[in-house]
Asker: 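Submitted below is the structure of interest, expressed as structure tokens.
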Amino acid sequence: MPSSATVRHTFDRHTLDGATVRATLLELVVQLGRGLRRRGQAARALTLTLRFAGGTSWEKTRRLTEPSAHDDDLRTLAYQLMDAAGLQRGRLTGIALKGEDLVDADQVAQQVSLDTARDARLVAEAAMDRIGDKFGPDIIGPATTRRSS
């Protein structure tokens, strides 16, 4: 099994728009989480790489509190990484999100949860995975990742 998994997005034009960047990052989180779940793996860490106009880049890695392949866990850490970048006026040309130090999902301890909202999100996530498997990964996902035609 691979020890890492990476998803990337290259912007058509340099972007300064924070909402576009955040929506793109969420889309990458969903792609990474779905890919990990399909392979039966969970990430212990995430690395966010931002590429800027002019060829410079910024990269930071942080560990998850526990290995996960769930969108909520990955999103929370990915947003923390993005916030740590402190983007002001950086013209982004691309984003990469890498799940690292992967483990078999079977090795991740399942704790009893009293968080019914989280349990509901995990059920919805599994349903979205099944819909994506049947109709294609772009058919369903968070509303902020949907682009109008």
Side-chain angles (χ1 to χ4, degrees), residues 1-111 117-118 121-122 124-133 135-149:
M1 287 251 179
S3 61
S4 69
T6 305
V7 290
R8 293 179 176 83
H9 178 84
T10 301
F11 294 103
D12 294 334
R13 288 184 249 152
H14 304 168
T15 186
L16 292 166
D17 181 36
T20 298
V21 170
R22 211 147 180 97
T24 301
L25 182 57
L26 179 57
E27 191 172 337
L28 292 176
V29 163
V30 170
Q31 288 174 17
L32 180 63
R34 187 166 186 270
L36 291 173
R37 291 188 301 273
R38 289 183 90 205
R39 293 185 347 204
Q41 292 185 299
R44 289 184 176 143
L46 287 182
T47 297
L48 176 66
T49 304
L50 305 175
R51 288 189 323 276
F52 297 95
T56 62
S57 64
W58 177 93
E59 183 175 284
K60 186 156 185 87
T61 301
R62 284 197 183 154
R63 295 189 72 74
L64 289 142
T65 54
E66 60 186 36
S68 181
H70 297 297
D71 295 350
D72 272 356
D73 301 331
L74 301 176
R75 176 188 45 78
T76 298
L77 186 56
Y79 282 3
Q80 289 172 2
L81 288 165
M82 181 64 80
D83 292 345
L87 293 179
Q88 295 296 321
R89 299 291 300 159
R91 294 178 303 145
L92 281 177
T93 59
I95 302 175
L97 187 64
K98 181 192 287 186
E100 297 192 82
D101 197 8
L102 303 183
V103 296
D104 287 336
D106 296 344
Q107 296 176 353
V108 177
Q110 299 295 318
Q111 296 192 11
R118 178 179 171 80
R121 287 189 303 271
L122 294 178
E125 180 181 86
M128 289 188 327
D129 284 351
R130 287 190 303 275
I131 291 167
D133 288 345
F135 298 105
D138 296 331
I139 201 73
I140 192 167
T144 57
T145 65
R146 301 289 151 214
R147 293 177 180 37
S148 57
S149 359

Asker: At what distance, to the nearest 0.5 angstrom, does OG1 of Thr76 lie from CG of Leu64?
Answerer: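 Interatomic distance, Thr76 OG1 to Leu64 CG, rounded to 0.5 Å: 9.5 Å.
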Asker: What are the two closest non-hydrogen atoms of Gly33 and Leu74, and how far apart are they?
Answerer: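 Minimum heavy-atom separation between Gly33 and Leu74: CA-CD1, 3.6 Å.
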Asker: Side-chain donor-acceptor contacts of residues 41-57 below 3.5 Å, not counting sequence neighbours, with atom names and distances?
Answerer:
from, atom 1, to, atom 2, distance (Å)
Gln41, OE1, Arg39, NE, 3.0
Gln41, OE1, Arg39, NH2, 2.7
Gln41, NE2, Pro2, O, 2.9
Arg44, NH1, Asp101, OD1, 3.3
Thr47, OG1, Thr61, OG1, 2.5
Thr47, OG1, Glu100, OE2, 2.1
Thr49, OG1, Glu59, OE1, 2.9
Arg51, NH2, Thr10, OG1, 3.2

Asker: Got a second to check how far Arg13's CZ is from Thr93's OG1, nearest 0.5 Å?
Answerer: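 Answer for the CZ-OG1 pair, Arg13 versus Thr93, is 14.5 Å.
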Asker: Return the OG1 to CE distance between Thr24 and Met82, rounded to the nearest 0.5 Å.
Answerer: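 Output value for this atom pair is 8.5 Å.
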Asker: Taking side chain to side chain donor-acceptor pair (under 3.5 Å) as the definition, give me every residue that meets it alongside Arg91, ordered by chain and number, with sequence neighbours left out.
Answerer: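 Here the qualifying residues are His14.
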Asker: Is there a side-chain contact between His9 and Glu27 in this structure, where contact means two heavy atoms from C-beta onward sitting under 4.5 Å apart?
Answerer: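 No, their side chains stay 4.5 Å or more apart.
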Asker: Tell me every residue that passes side chain to side chain donor-acceptor pair (under 3.5 Å) with Asp83, counting only those two or more places apart in sequence or in another chain.
Answerer: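 Asp83: side chain to side chain donor-acceptor pair (under 3.5 Å) contacts with Arg22.
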Asker: Enter the distance from Lys98:NZ to Leu32:CG here, rounded to the nearest 0.5 Å.
Answerer: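 Between atom NZ of Lys98 and atom CG of Leu32 there are 11.5 Å.
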Asker: Taking all non-hydrogen atoms of both residues, which atom of Ala78 and which atom of Val29 are closest, and how far apart?
Answerer: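 That closest heavy-atom pairing would be CB-CG2, 3.7 Å.
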Asker: Compare every heavy atom of Leu102 with every heavy atom of Ala5, then report the nearest pair and how far apart it is.
Answerer: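 Closest pair (atom of Ala5, atom of Leu102, distance): N-CD1, 4.0 Å.
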Asker: Rounded to the nearest 0.5 Å, what's the gap from CG on Asp71 to CD on Gln31? Could you check?
Answerer: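 Spacing of CG (Asp71) from CD (Gln31) equals 11.0 Å.
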Asker: Could you tell me the separation between the CZ atom of Phe11 and the CG atom of Leu16, rounded to the nearest 0.5 Å?
Answerer: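 One gets 10.5 Å once the value is rounded to the nearest 0.5 Å.
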